Amino acid sequence: MKKLIKNGTIVTASETFQADLYLENGKITGIGQSQTFGPVDETIDAAGCYVFPGGVDPHTHLDMPFGGTVTKDNFETGTIGAAFGGTTTIIDFCLTEKGKPLQQAIQTWHDKSAGKAAIDYSFHLMIGEMTEAVLNELPSVITNEGITSFKVFMAYKNVFQADDATLFETLIKAKELGALVMVHAENGDVIDYLTKQALAKGQTDPIYHALTRPVEAEGEATGRACKLTALAGSQLYVVHVTCAEAVNQIEEARKQGADIWGETCPQYLVLDEDALRKPNFEGAKYVWSPPLRPKEHQAALWNALKTGALQTIGSDQCSFDFDGQKSLGKDDFTKIPNGGPIVEDRMSILYSEGVEKGRISLNQFVDLTSTRAAKLFGMYPKKGTISVGADADLVVFDPSVERTLSAKTHHLAVDYNAFEGMNVKGLPRTVLSRGQVIIKDGMYVGSPGDGSFIKRSTYGNTLSNEKVEQ
Ligand code: URP
Ligand code: ZN
Ligand code: ZN
Ligand code: ZN
């Protein structure tokens with residue numbers, strides 16, 4: 001099938017221009033005037049719309065076990081929701097268990113996703129310990145699996161948390177192998193202490209989730225990870241940055257020349273700590289880690305996106321039903337499964353609150369939601385841009401549509417929407433994954449299993465190369 005997208009305004013991370021696109025065999029093969037292209041089987045009229053590269057969401061948790069339950073959204077519902085929101089690639093976190101082969105964990109994640117994903121996907125690999133066995137397996141994870149990013153949790157004591165020795169060795173090994181190390185930066189030991197204190201005082205409501213995970217615990221862990229990275233001469237990506245304290249640590253380390261990147265998420269840009277105080281246990285809908293912060297941190301995050309102190313937007317999609325899952329923590333906030341449904345609304349919120357409100361430019365929007373993540377995680381320019389030879393992962397985005405985000409209209413399986421009632425401008429009208437239309441006029445028209453696993457390049461290989469291999 002040869003397709004033409006005509007009359008649209010093409011937006012990349014660096015340019016905005018009027019052009020038609022010609023798509024063949026799942027790739028972009030022409031950018032320019034449609035008269036110069038070959039024969040066409042299907043034409044998509046993008047008049048009045050922007051054409052963006054499909055979103056790359058570098059941070060999802062689909063079909064993930066947590067706190068005795070499993071996320072409501074799996075690789076099918078989660079990637080369909082993502083597609084409705086304009087995201088055409090996700091990178092999910094493959095969890096590992098101490099003492100078990102990494103290969104076993106990777107196989108588990110392939111089993112969860114194969115034949116289900118609506119869009120292309122890849123995995124980051126969690127490192128929880130650095131044993132001989134892990135060290136021996138890592139080269140093959142990079143070379144054979146194409147998994148080129150490792151995740152270390154500095155929080156979730158007695159569950160996912162790794163010690164500093166593990167983080168430091170992971171950084172050193174990653175440097176040698178060409179992997180990017182990612183950290184969940186909160187001081188898990190301090191949080192564990194504060195949590196026990198709160199429970200001893202009978203403080204069991206959802207708001208205590210936020211109050212026992214202060215910004216200092218995030219700032220401290222972020223600073224520690226940055227310093228260990230500089231010491232190892234390695235590279236770091238800090239996931240879900242929520243506060244000025246953490247932004248400052250990243251900014252300072254970057255100024256000193258460290259190879260460090262930071263991500264924030266839509267929820268931290270538009271929601272605040274007071275959501276956890278909602279009556280009738282509704283605050284549990286907003287329990288995730290790090291927690292929502294006092295409102296003043298939002299301005300610091302927007303400013304960091306504008307100035308480049310933070311470079312990407314992930315969703316940290318990790319959904320649990322309010323009814324039956326979040327309710328596990330009705331009498332004890334530590335039993336509320338952590339996470340929220342964000343993947344579908346990630347790009348819409350950033351466009352509406354960012355571009356429409358003049359906080360970031362249109363090109364920054366594309367860089368933050370797509371291009372930068374593709375570059376950092378070894379997928380550029382196959383993913384993350386509009387250029388000849390790139391995958392035809394495209395979003396025809398109508399900026400004139402006004403709509404209200406709601407669980408009544410979202411496409412995730414989870415029973416609530418974290419942004420319920422929020423008005424946004426803009427709608428991904430048509431979404432293509434490798435040239436195939438998967439979202440059309442509010443309908444999912446693809447098939448689960450259309451999405452493929454992507455083996456990624458090592459870190460640094462696709463950071464600055466602007467040319468596509470033909
Ligand atoms: O609360 C969250 N964010 N759950 C998912 C796991 C993580 O820390 O990213
Ligand atoms: Zn995390
Ligand atoms: Zn996460
Ligand atoms: Zn939707």
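Indexing begins at 1, ligand by ligand and atom by atom, following the structure's order. The structure presented is a predicted model; accordingly, all values stated were derived computationally and were not measured.
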**Q** Would you mind running through ligand 1 and noting each atom that sits below 4.0 Å from a heavy atom of Trp288?
**A**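 Result: 1 (O).
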
**Q** Tell me whether the count of non-hydrogen atoms from other residues, nucleotides or ligands lying under 6.0 Å of NZ in Lys112 goes above 12.
**A**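 Counting neighbours around NZ of Lys112, more than 12 heavy atoms of other residues, nucleotides or ligands fall under 6.0 Å, so yes.
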
**Q** Considering the heavy atoms of His59, write down every atom of ligand 1 situated less than 4.0 Å from one of them.
**A**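 Matching atoms, with element in brackets: 9 (O).
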
**Q** For atom 3 (N) of ligand 1, which protein heavy atom lies nearest, and how many Å away is it?
**A**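 It is Asp316 OD2, 2.6 Å.
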
**Q** Taking atom CD as the centre, does Glu97 end up with more than 12 heavy-atom neighbours from other residues, nucleotides or ligands that are less than 6.0 angstrom away?
**A**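 For Glu97, atom CD is not crowded (no more than 12 foreign heavy atoms under 6.0 Å).
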
**Q** Measure up the His110 and Phe453 rings against each other and bin them: parallel (under 30°), tilted (30 to 60°), perpendicular (over 60°).
**A**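 Perpendicular.
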
**Q** Look at the rings of Phe52 and Phe365 and say which category their plane angle falls in: under 30° parallel, 30 to 60° tilted, over 60° perpendicular.
**A**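 The arrangement is tilted - the two ring planes meet at 30° to 60°.
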
**Q** Please work out which of the three classes, parallel, tilted or perpendicular, describes the rings of Phe123 and Tyr121, given edges at 30° and 60°.
**A**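 Tilted, since the angle between the ring planes falls between 30° and 60°.
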
**Q** Among all protein heavy atoms, pick out the one at the shortest distance from atom 1 (O) of ligand 1; state its residue, atom name and that distance to 0.1 Å.
**A**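 Nearest neighbour among protein heavy atoms for atom 1 (O) of ligand 1, to 0.1 Å: Ser289 N, 2.8 Å.
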
**Q** Heavy-atom distance to atom 2 (C) of ligand 1: which of Tyr156, Phe66, Phe320 wins?
**A**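 Considering heavy atoms of Tyr156, Phe66, Phe320, the nearest to atom 2 (C) of ligand 1 sits in Tyr156.
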
**Q** Just going by heavy-atom distances, which of His209, His240, Gln317, His61 is nearest to atom 6 (C) of ligand 1?
**A**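 That would be His61.
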
**Q** Has Glu76 got a side-chain atom pairing as donor or acceptor with Lys116's backbone, closer than 3.5 angstrom?
**A**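 Between the backbone of Lys116 and the side chain of Glu76 there is no qualifying donor-acceptor contact (under 3.5 Å).
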
**Q** Please state whether the separation between the Zn ion (ligand 3) and some N/O/S atom of His61 is under 2.8 Å?
**A**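 For His61, the answer is yes, given that an N, O or S atom comes within less than 2.8 Å of the Zn ion (ligand 3).
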
**Q** Output the atom name for the N/O/S atom of His184 with the smallest distance to the Zn ion (ligand 2).
**A**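 Distance check against the Zn ion (ligand 2) picks out ND1 in His184.
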
**Q** Is the Phe160 to His184 ring centre distance short of 6.0 Å?
**A**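 No, too far apart.
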
**Q** Can any side-chain N or O of Ser327 pair as donor or acceptor with the backbone N or O of Lys330 at less than 3.5 Å?
**A**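 Side chain of Ser327 to backbone of Lys330: no pair is present.
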
**Q** Give me the residue, atom name and distance of the protein heavy atom closest to atom 4 (N) of ligand 1.
**A**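 The answer is Asn338 O, 3.2 Å.
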
**Q** Return the name of the atom in Asp316, of element N, O or S, nearest to the Zn ion (ligand 3).
**A**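 So the atom name we want here is OD1.
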
**Q** Does His59 put an N, O or S atom under 2.8 Å from the Zn ion (ligand 3)?
**A**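 Of the N, O and S atoms in His59, at least one lies under 2.8 Å from the Zn ion (ligand 3), which means yes.
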
**Q** Phe93: heavy atom below 4.0 Å from ligand 1, yes or no?
**A**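 No heavy atom of Phe93 comes that close to ligand 1.
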
